[in-house]
**Student:** 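Supplied in structure tokens, the structure appears directly below.
Chain naming here is simple, since letters A, B, ... match the order of the sequence lines and numbering starts at 1 in each.
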Protein chains: 2
Amino acid sequence: MTTAKSETIAAQISKTLAARIIAGEIEAGAKLRQDHIAEEFGASHVPVREAFKRLESQGLVVSEPRRGVRVAGFSVDEVREVAEMRAALETLALRNAVPHLTRAILDQAEEANRAGDRALNVQAWEMANRAFHRILLAPCGMPRLLKAIDDLHTASARFLFSGWRAEWEAPTDRDHRAILDALRAGQTEIAATTLARHVQTIGQKKPK
Amino acid sequence: MTTAKSETIAAQISKTLAARIIAGEIEAGAKLRQDHIAEEFGASHVPVREAFKRLESQGLVVSEPRRGVRVAGFSVDEVREVAEMRAALETLALRNAVPHLTRAILDQAEEANRAGDRALNVQAWEMANRAFHRILLAPCGMPRLLKAIDDLHTASARFLFSGWRAEWEAPTDRDHRAILDALRAGQTEIAATTLARHVQTIGQKKPK
DNA sequence: CATTCCATAATTATAGATAATTTTTAGAGT
DNA sequence: ACTCTAAAAATTATCTATAATTATGGAATG
């Protein structure tokens with residue numbers, strides 16, 4: 001599978017590293033040495049540095065001047081922080097999206113939800129989950145907000161994968177269905193409060 | 001005035017360019033040519049590119065691959081978007097900060113408010129305004145949230161400076177005082193709703 | 001007048017060298 | 001044996017020079 005031709009090398013490296021960090025292949029706190037990564041990708045150190053900058057802005061790595069970058073850790077507090085930010089921003093997005101929601105969009109979201117129910121592993125479930133949220137929120141037409149939410153989803157996914165790697169079973173997502181039902185009935189407030197509660201429960205599921 | 005010695009050159013360039021963009025010295029849509037900027041700062045193009053990446057993550061410039069970066073424009077819709085995001089995130093931060101607010105912190109905020117009243121130009125007022133918000137919200141202890149809010153403040157400041165450059169008079173800030181009074185009285189909800197309304201009024205003040 | 005083609009310019013990436021800083025290693029002294 | 005200091009190694013950050021890819025603008029052509 002070849003990556004898009006017109007993407008810069010830095011963007012490709014950034015995406016690959018982000019995927020690895022999210023998947024837990026590189027553990028938190030590990031140093032990322034630019035020369036090694038440059039060699040692995042057959043590139044020079046310049047695009048690697050740019051990829052680092054992008055990962056830093058996503059909160060996946062932290063950079064200390066002259067000391068290199070390392071994979072960001074995440075504490076329980078930070079997981080809660082991300083969950084609360086998601087609750088605040090996703091409800092805002094939903095309220096602005098509601099006037100533009102059509103039946104077709106709601107059907108799309110329901111399909112994504114079903115795909116989540118059918119998921120065999122946590123990665124597939126997360127992909128469907130993210131699709132569900134994105135489909136419902138995208139019609140708000142607020143690009144900056146959507147990008148912020150997307151970065152928070154990425155952070156959430158990291159937590160999800162790190163704690164649940166082994167034991168995981170597909171949860172039939174009751175909340176998603178409740179949100180869809182409320183939206184179909186035109187009950188925006190109920191949908192928004194359900195969404196807020198739903199997002200915050202993710203932060204509460206301790207990985208045991 | 002020498003900048004901090006241990007900062008990377010990229011960080012210095014980024015800060016300087018950000019200040020110029022916010023101040024309106026570089027107009028929206030203007031191309032930023034890395035070679036020229038590198039020459040101006042006596043640096044090479046590599047740190048300039050890294051500075052661009054940082055500005056991009058702050059939303060101050062947009063980058064099109066192989067076509068360079070240009071100063072981001074901002075529409076009325078975007079100003080409203082930023083205001084709504086600020087309202088959502090600052091109320092969240094305030095609610096989490098309230099348990100940690102001391103009388104000393106509230107006094108600090110009041111002093112910042114007075115400094116705003118004494119401000120002779122919009123830049124000084126903005127600085128005091130930002131200080132007011134930061135003092136009240138910082139005790140929430142949520143670094144990711146605070147950083148996001150700070151970036152939104154930057155975007156707000158751009159709008160403020162662009163529209164009000166010439167004609168501006170110090171508004172005695174009634175909302176700030178109302179927020180402080182509510183906090184002193186332990187009325188968290190009133191403080192939060194006042195803050196939300198206050199932030200959104202900024203987006204409504206049309207220039208001219 | 002529209003279209004194609006080419007020259008120019010700018011961005012993006014490579015490679016090697018240099019400086020500065022951090023980390024590690026080794027050694028001296030108590 | 002332990003600690004503190006000094007030298008060495010490793011890594012980052014930067015610069016210079018150069019090549020390759022892609023836009024942009026204008027000229028030539030149908």
Side-chain angles (χ1 to χ4, degrees), chain A residues 1-21 25-73, chain B residues 1-21 25-73:
Chain A
M1 194 194 301
T2 57
T3 35
K5 62 173 180 182
S6 65
E7 260 185 349
T8 65
I9 294 182
Q12 294 174 32
I13 296 175
S14 156
K15 275 188 185 170
T16 306
L17 289 181
R20 281 188 201 166
I21 293 172
E25 289 174 33
I26 318 178
E27 61 184 327
K31 272 189 221 160
L32 293 179
R33 271 184 280 258
Q34 56 182 24
D35 286 347
H36 298 188
I37 293 169
E39 193 181 4
E40 178 193 339
F41 285 86
S44 74
H45 56 269
V46 178
V48 173
R49 295 181 59 76
E50 291 189 20
F52 283 175
K53 269 274 182 297
R54 179 168 203 144
L55 296 173
E56 193 184 356
S57 82
Q58 290 181 298
L60 292 178
V61 306
V62 291
S63 154
E64 298 163 280
R66 308 267 170 195
R67 298 179 70 181
V69 309
R70 49 181 66 233
V71 177
Chain B
M1 194 192 302
T2 57
T3 37
K5 63 171 181 183
S6 64
E7 258 186 352
T8 66
I9 294 181
Q12 293 174 32
I13 296 175
S14 157
K15 275 188 185 172
T16 307
L17 289 181
R20 281 188 202 167
I21 293 172
E25 288 174 34
I26 318 178
E27 61 185 329
K31 271 191 218 156
L32 293 180
R33 270 185 281 257
Q34 56 185 22
D35 288 346
H36 299 186
I37 293 169
E39 193 181 4
E40 179 192 339
F41 285 87
S44 77
H45 66 98
V46 179
V48 173
R49 295 181 56 74
E50 292 187 18
F52 284 175
K53 268 277 182 294
R54 178 168 204 146
L55 296 173
E56 192 183 358
S57 81
Q58 290 181 299
L60 292 177
V61 306
V62 290
S63 156
E64 297 163 281
R66 306 270 173 192
R67 297 181 67 181
V69 308
R70 50 182 64 234
V71 178

**Student:** Rounded to the nearest angstrom, tell me the gap between atom CZ in A/Arg66 and atom C1' in D/dT11.
**Tutor:** 11 Å

**Student:** For A/Phe52 and D/dA13, what is the distance between atoms CZ and C1' respectively, to the nearest whole Å?
**Tutor:**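 Taking atom C1' of D/dA13 as the reference, CZ of A/Phe52 is at 13 Å.
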
**Student:** Can you sort out which residues in residues 29-47 of chain A have a heavy atom within less than 4.0 Å of DNA chain D? Ascending by number, please.
**Tutor:** A/Leu32, A/Arg33, A/Gln34, A/Asp35, A/His45

**Student:** Using a heavy-atom cut-off of 4.0 Å to chain A, what are the terminal contacting nucleotides of DNA chain C, in 5' to 3' order?
**Tutor:** C/dA13 to C/dT23

**Student:** Quick check on contacts: within residues 53-63 of chain B, what sits under 4.0 Å from DNA chain C by heavy-atom distance?
**Tutor:**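 The answer is none.
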
**Student:** Less than 3.5 Å apart, which donor and acceptor atoms pair up between the side chains of residues 53-64 of chain B and the rest of the protein, not counting sequence neighbours?
**Tutor:**
unit_1, atom_1, unit_2, atom_2, d
B/Ser57, OG, B/Arg54, O, 2.9

**Student:** When rounded to the nearest 0.5 angstrom, what distance separates CG in B/Leu32 from CZ in B/Arg70?
**Tutor:** 9.5 Å

**Student:** Can you see if the side chain of A/Arg49 gets near the phosphate of D/dA13 - specifically, an N or O under 4.0 Å from OP1 or OP2?
**Tutor:**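 Checking A/Arg49 against D/dA13: at least one side-chain N or O falls below 4.0 Å of OP1 or OP2.
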
**Student:** Shortest non-hydrogen contact from B/Ala51 to B/Ala10?
**Tutor:**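 That closest heavy-atom pairing would be CB-O, 3.6 Å.
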
**Student:** Using the side-chain hydrogen bond (donor to acceptor under 3.5 Å, both in side chains) criterion, which residues pair with A/Gln34? Sequence neighbours excluded.
**Tutor:** A/Arg49

**Student:** So, does B/Arg20 use its side chain to make a donor-acceptor pair with the main chain of B/Glu25 at under 3.5 Å?
**Tutor:**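 Here the side-chain-to-backbone pair does not exist.
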
**Student:** Which heavy atom of A/Ser44 sits nearest to which heavy atom of A/Val48, and what is that distance?
**Tutor:**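 A/Ser44 and A/Val48 have their closest heavy atoms at O-CG2, 3.5 Å.
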
**Student:** Counting only heavy atoms not in A/Glu40 (residues, nucleotides, ligands), do more than 12 fall under 6.0 Å from its CD?
**Tutor:**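 Atom CD in A/Glu40 is packed in, count exceeds 12.
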
**Student:** Could you walk me through whether B/Leu17 and B/Phe52 pass the side chain to side chain contact (heavy atoms under 4.5 Å, CB included) test, one step at a time?
**Tutor:** CA-CA 9 Å; B/Leu17 289 181; B/Phe52 284 175; 3.9 Å; yes

**Student:** Taking atom CZ of B/Arg66 and atom OG1 of A/Thr8, what is their separation to the nearest 0.5 Å?
**Tutor:** 8.0 Å

**Student:** Quick one: salt bridge (Lys or Arg N to Asp or Glu O under 4.0 Å) partners of B/Lys15, sequence neighbours excluded?
**Tutor:**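 Per chain and number, B/Lys15 pairs via salt bridge (Lys or Arg N to Asp or Glu O under 4.0 Å) with B/Glu7.
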
